[in-house]
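For reference, the structure is listed below as structure tokens.
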Amino acid sequence: MIRTRFLSLLTLGLILGAMPVAAGPISHAMELDPEGAVYFVDVERGRLLRYEKGSLSVFSELSGVAAGNAMQNLIRTVDGELYLGQKKDVWKVSPTGAVEAVKPPAKLKSLFKERPGDLAPDGSVYVARDYRTIERALPGGDAHPVLTTDVISKIHSMSATPYGRVFFANNSEIAKLDAEGEITIFQELEGDKVLGLAAVGENAVLVLRQSEGAGLRLEHLDALGKTQDLVSAEQIAAVTMEQPVDTMAKD
């Protein structure tokens, strides 16, 4: 069941400002392009996968990219360029899937500093610098807080929409912060780890998640709490560069 909370952001920020915050795993391993294709990192096998209209394929083998946490930050720029990496290790992935070590654009550097964040479609950069305070920097402008509260402490994945909504995951929930400061809890995680979120419009989100002892899976979650399975762990394990997988196929 979906629950909605309205928060007094200033009050909570003043009360909780001095409280220590433990970080969760940081991950932004998924992006959505304007045509609806989903790009996400298969961290287990060191690949960048592409899903569109029931077809799963390997977009890039990510040759030369360090495995593990370094691969868990995927950013798509307003111009459609894909960057992958963490801290000093950043790679640019070309439209053909080729990989090149680069320095990220200056305006995106804050998204590669081991802090949860996302680049919104309007060019705004959202970052949770202390895993609790979400800041927004408009293109060419300074960063300003949009939320400070312990309700969303330990943020480790985030996706922003064009109109100021922010989907996020902490260690226990997937939720949405709207432009008025209202938080809607979409789903309890119950031990699952979220490796990526991608907003689909203003009221739905794609979720790349992993249960303990299981592989990755891709799901669609709407504002009513309905979950639709898109790609299973078995399909992710089966896809190769030579052989795409039809995720709609029936046994």
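The figures here come from the full heavy-atom set of this structure, side chains too, leaving out hydrogens, waters and symmetry mates.
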Check for a donor-acceptor pair, side chain of Q86 on one end and backbone N or O of E114 on the other, with a separation under 3.5 Å.
yes
Taking side chain as C-beta onward, heavy atoms only, is L32 less than 4.5 Å from L206?
yes
Between Y126 and M158, is a side chain to side chain contact (heavy atoms under 4.5 Å, CB included) present by the stated rule, with each step listed?
CA-CA 8 Å; Y126 288 80; M158 187 189 308; 3.7 Å; yes
I'd like to know if R136 and D142 make a salt bridge, using a cut-off of under 4.0 Å between side-chain N and carboxylate O.
no
Do the side chains of E202 and P162 get nearer than 4.5 Å, heavy atoms only?
yes
A214 backbone acceptor or donor facing S211 side chain under 3.5 Å
no
Pair S94-E100, side-chain donor/acceptor within less than 3.5 Å
no
hydrophobic_cluster_shared for L108 and L82, side chain cutoff 4.5 Å:
no
Flag the pair P105 / Y83 as yes when at least one side-chain heavy-atom distance between them is below 4.5 Å, and no otherwise.
yes
Look at D178 together with R165 and state whether they make a salt bridge at an N to O cut-off of under 4.0 Å.
no
So, do K176 and E182 sit near enough that their side-chain heavy atoms are less than 4.5 Å apart?
no
With rounding to the nearest 0.5 angstrom, report the CE to CG distance, M241 to L49.
9.5 Å
Side-chain polar contacts of residues 53-68 - donor-acceptor pairs under 3.5 angstrom, sequence neighbours left out - could you list them?
unit_1, atom_1, unit_2, atom_2, d
S60, OG, L62, N, 3.0
S60, OG, G97, O, 2.7

Using the ring centroid of each side chain, check whether Y51 and Y39 are separated by less than 6.0 Å.
no
Tell me whether V90 shares a hydrophobic cluster with L119, the cluster being built from Ile, Leu, Val, Met, Phe, Trp, Tyr side chains joined at under 4.5 Å.
yes
With no hydrogens and no angle check, is any side-chain donor or acceptor of S27 less than 3.5 Å from a backbone partner on S157?
no
Using side-chain hydrogen bond (donor to acceptor under 3.5 Å, both in side chains), reason through T227 and Q187 one step at a time and then give a plain yes or no.
CA-CA 9 Å; T227 301; Q187 192 173 96; 2.9 Å; yes
Any side-chain donor-acceptor pair under 3.5 Å between N170 and H156?
no
Group every Ile, Leu, Val, Met, Phe, Trp and Tyr by side-chain heavy-atom contacts under 4.5 Å, then state whether M30 and L195 land in the same group.
yes
Rounded to the nearest 0.5 Å, what separates atom NZ in K113 from atom CG in N73?
12.5 Å
Would you indicate whether the side-chain heavy atoms of S124 and P139 approach each other to under 4.5 Å?
yes
For residues D118 and E31, report the shortest heavy-atom separation together with the two atoms involved.
OD1-OE2, 3.7 Å
Smallest heavy-atom separation, G215 atom then E44 atom, equals CA-OE1, 3.8 Å
Are S232 and R217 side-chain neighbours, meaning at least one heavy-atom pair lies under 4.5 Å?
no
Hey, is E81 close enough to R76 for a salt bridge, meaning N to O under 4.0 Å?
no
